[in-house]
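Just below is one structure, and these are the notes that go with it.
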Amino acid sequence: MRIAVSGGGTGGHIYPALAFIKEVQRRHPDVEFLYIGTENGLEKKIVERENIPFRAIEITGFKRKLSFENVKTVMRFLKGVTKSKSYLKEFKPDAVIGTGGYVCGPVVYAAAKMGIPTIIHEQNSLPGITNKFLSKYVNKVAICFEEAKSHFPAEKVVFTGNPRASEVVSIKTGRSLTEFGLKDNQKTVLIFGGSRGAAPINRAVIDMQEELKTRPYQVLYITGEVHYEKVTAELKGGKAADNMVTKPFLHQMPEYLQSIDVIVARAGATTIAEITALGIPSVLIPSPYVTANHQEVNAKALSQHDAAIVLKETELSGEKLIAALDKIVMNEETLKDMSERTKSLGVPDAAARLYSIMKDIKK
């Protein structure tokens, strides 16, 4: 079987695509893949590093205000469709999947017009503009949150979950936190605000240091590379708690998640997929800077099942953050109950579900 994949712009679109490719390759080594992205996007470097064949088209997103730039975008879209058709004719895929981002627009549209079976994968509870557009042309729409269902043609929607879940559960032996100077036999909280970090989360962590010093749990705190020097400067002079280790970035994060008891993070689709797959209770701080505030909707999908505590960024403080952590970590029954509730929302076989749908629509 041959599968063409497209998705880009942010890691939230790219990493689920890669997780799907890796899981299918692990189960079915004979399946061939082609990834179509943009030359200047994150996806090019990430995909080529994984030794996956890559082809590029040029595309940009629409501006929300009327602009001559939108005329250029339409022209790039049409040019991208033509380029995509040439790649698809050469590769001859049995199916095409788009995981979001502007780049998958012309790719999936071209495939649909060529009669190639197509799927779009929507990671968030509130769909992006590209997937809404493509839903009119594709065979199936795969979703990760039931809340997304109403935004698409009902007869096309299938619930699959996020392939990132399949990736994290496939890691049988995690890495020890002792390499950071933390203890293996102590409850551990992971705090991070995404690859770039988040200043409001960093502020709250700095402000809770005196209280944290008295707690029986330990913290692995990821500042984001942009913020690391500023944060560590503020924590100098004995201000930092001894039971906290601070790092700028955590490479291969999924390999450490099995050693984490509670996670504090944004509410991006990839994070939600990982913590639900592993059953990690969470304190979610949705980013207010995303389209249609979709992270808050993502977070509510967990909090309404008592699987997470949600703190809005506008209400965040060191006092509220450590109170939320205490509520979970300091009560063994709460910790266990939230873990079970979180895991019940996970879809560890997401990649297999997607592959099964591809085989069905290929027939």
Side-chain angles (χ1 to χ4, degrees), residues 1-28 30-38 41 43 46-47 50 52-57 59 80-81 84-85 87-88 91-124 127-128 130-144 148 152-153 156-167 269-270 273 347 349-363:
M1 189 170 182
R2 291 185 167 196
I3 302 172
V5 180
S6 183
T10 68
H13 297 312
I14 302 164
Y15 289 114
L18 283 181
F20 170 70
I21 292 171
K22 289 179 183 177
E23 184 64 12
V24 172
Q25 286 178 329
R26 187 176 70 85
R27 292 168 176 252
H28 310 281
D30 57 325
V31 176
E32 297 179 49
F33 286 94
L34 172 68
Y35 200 110
I36 303 176
T38 58
E43 61 270 19
I46 295 172
V47 171
E50 298 293 335
I52 298 166
F54 183 88
R55 296 290 183 272
I57 62 171
I59 185 67
V81 170
S84 297
K85 284 183 176 179
Y87 292 146
L88 296 173
F91 182 62
K92 296 181 176 60
D94 297 291
V96 174
I97 180 171
T99 58
Y102 301 125
V103 67
C104 73
V107 178
V108 177
Y109 179 81
K113 289 300 181 181
M114 293 171 69
I116 302 170
T118 51
I119 298 175
I120 51 172
H121 183 265
E122 177 55 59
Q123 298 89 33
N124 289 297
T130 303
N131 276 351
K132 283 184 179 178
F133 164 73
L134 291 172
S135 67
K136 301 169 187 160
Y137 304 98
V138 298
N139 297 88
K140 293 292 181 182
V141 179
I143 61 172
C144 303
F152 298 117
K156 295 183 179 183
V157 174
V158 287
F159 183 87
T160 62
N162 193 316
R164 186 73 168 188
S166 303
E167 186 173 28
T270 298
V347 190
D349 63 341
R353 292 188 185 195
L354 263 179
Y355 184 63
S356 176
I357 292 165
M358 283 192 166
K359 288 194 296 183
D360 286 342
I361 64 174
K362 170 181 171 285
K363 293 175 182 176

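On a predicted model such as this, the values are computed, not experimentally measured, just so you know.
To the nearest 0.5 Å, atoms CG (Leu34) and OH (Tyr87) are separated by 9.0 Å. Atom CG of Asn139 sits about 12.0 Å away from atom CD1 of Ile97, to the nearest 0.5 Å.
Ring geometry for Phe33 against Phe20 counts as perpendicular: the plane angle is over 60°, on a 0 to 90° scale with 30° as the lower cut.
Of the listed residues (Val96, Val138, Thr99), just one forms a side-chain contact (heavy atoms from CB on, under 4.5 Å) with Ile120, and that residue is Val138.
A donor and an acceptor atom, one from each side chain of Glu43 and Thr38, are located under 3.5 Å apart.
Between the side chain of Lys156 and the main chain of Ser135, a donor-acceptor pair closer than 3.5 Å is present. A donor-acceptor pair is defined here as one N or O able to donate and one able to accept, closer than 3.5 Å; such a pair exists between the side chain of Tyr35 and the backbone of Gly7. Counting only distance, with no hydrogens or angles, the side chain of Ser84 and the backbone of Gly80 share a donor-acceptor pair below 3.5 Å. Panel note: side chain His121, backbone His13; no donor-acceptor pair is recorded below 3.5 Å. Proximity of a side-chain donor or acceptor of Ser6 to a complementary backbone N or O of Ile36 within less than 3.5 Å is detected. Judged by distance alone, with hydrogens and angles left aside, the side-chain atoms of Ser166 form a donor-acceptor pair with the main-chain N or O of Ala351 at under 3.5 Å.
Around the OH atom of Tyr355, the shell of radius 6.0 Å holds more than 12 heavy atoms that belong to other residues, nucleotides or ligands.
Side-chain contact check for Glu167 versus Lys22: some heavy-atom pair is nearer than 4.5 Å.
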